[in-house]
Every structure is written in C-alpha cells, then in structure tokens.
Amino acid sequence: MDQRKKKIAKFEREIQILQSRLTNKKMSYVSERITNISDLENTIENAYIHIQRLRDELEKAEPSLTVIEELAKNLHANILKAHDFEFCIERRTTNYCE
C-alpha cells in the first residue's frame, strides 16, 4: 500500500510540474504591416489623375501635343515609380504570458 501511495504522490507532483509549465507558457504573436503603403497609393492616384487628364485632352476638338507629351511623361514616371516601389515592412512580436 505504501508503494502505491508513493507512486500516486510521484504522479501528482509530475502533474503539478506539467500544469505549472503549461500555465507559465509564453505565447508569441507576430504581426507585420506595410508602413509606406500610402506612398504607393498616392503614386497610383497620381497616375490615375494623369490618365483622366490625358483622356480629357484627347477628347478635345484640337488636343495640344505639348500637353499630351507632358501628361504622358508624368504618367510614365508614376508607373515606373509604382513598378519599382519597395515596401517597408514593420514586424512586431508580442509575447503573452500568463
């Protein structure tokens, strides 16, 4: 009977150790966000505005070649800027402890 009580006591201690490890376990949450996304949005918006202005100019009875060339250059620059855009990503790790 004493052997049985010793085994039970030993198992109870092991259970307590495991429970304490589980309750003290750290959990980590990793989040990422693009910090400069507004820059890309502005570039795309500018390209869209240049497209609208280009269409308006082309619909005129006598479109100005100078205006069309300038709008085309601006549009090309915005498209290249958007194409070569480099995202800045911020990573955060949050640790939760109980």
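Not measured: the values here are computed from a predicted model.
- Taken from CD in E41 to CD1 in I34, the straight-line distance is 9.5 Å, to the nearest 0.5 Å.
- Between the side chain of N36 and the backbone N or O of F85 there is no donor-acceptor pair closer than 3.5 Å.
- Rounding to the nearest 0.5 Å places CD1 of I68 at 9.0 Å from NZ of K60.
- Under the 4.5 Å side-chain heavy-atom criterion for ILVMFWY residues, no single connected hydrophobic cluster contains both L54 and I49.
- Between the H50 side chain and the N46 main chain, a donor and an acceptor come within less than 3.5 Å of each other.
- Test R55, R53, Q52 against L71 for side-chain contact (heavy atoms from CB on, under 4.5 Å) and you get one pass: R53.
- Separation of atoms CD (E57) and CD (E70) is listed at 12.0 Å; rounding is to 0.5 Å.
- The minimum heavy-atom distance between L75 and A47, with the atom names listed, is CD1-O, 3.4 Å.
- Atom CG in N74 sits 12.0 Å away from atom CD1 in I51 (nearest 0.5 Å).
- In this structure, E12 CD and E14 CD are separated by 11.0 Å, a value rounded to the nearest 0.5 Å.
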**Worked check of side-chain contact (heavy atoms from CB on, under 4.5 Å) between L40 and F87** = CA-CA 9 Å; L40 179 59; F87 292 96; 3.8 Å; yes
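- A continuous path of ILVMFWY side-chain contacts below 4.5 Å connects I44 to I37, so both sit in one hydrophobic cluster.
- Taking CG from L80 and NE2 from H83, the interatomic distance works out to 8.0 Å, rounded to the nearest 0.5 Å.
- Evaluation of the side-chain contact (heavy atoms from CB on, under 4.5 Å) rule for E90 yields R33, T35, R92 as partners, not counting sequence neighbours.
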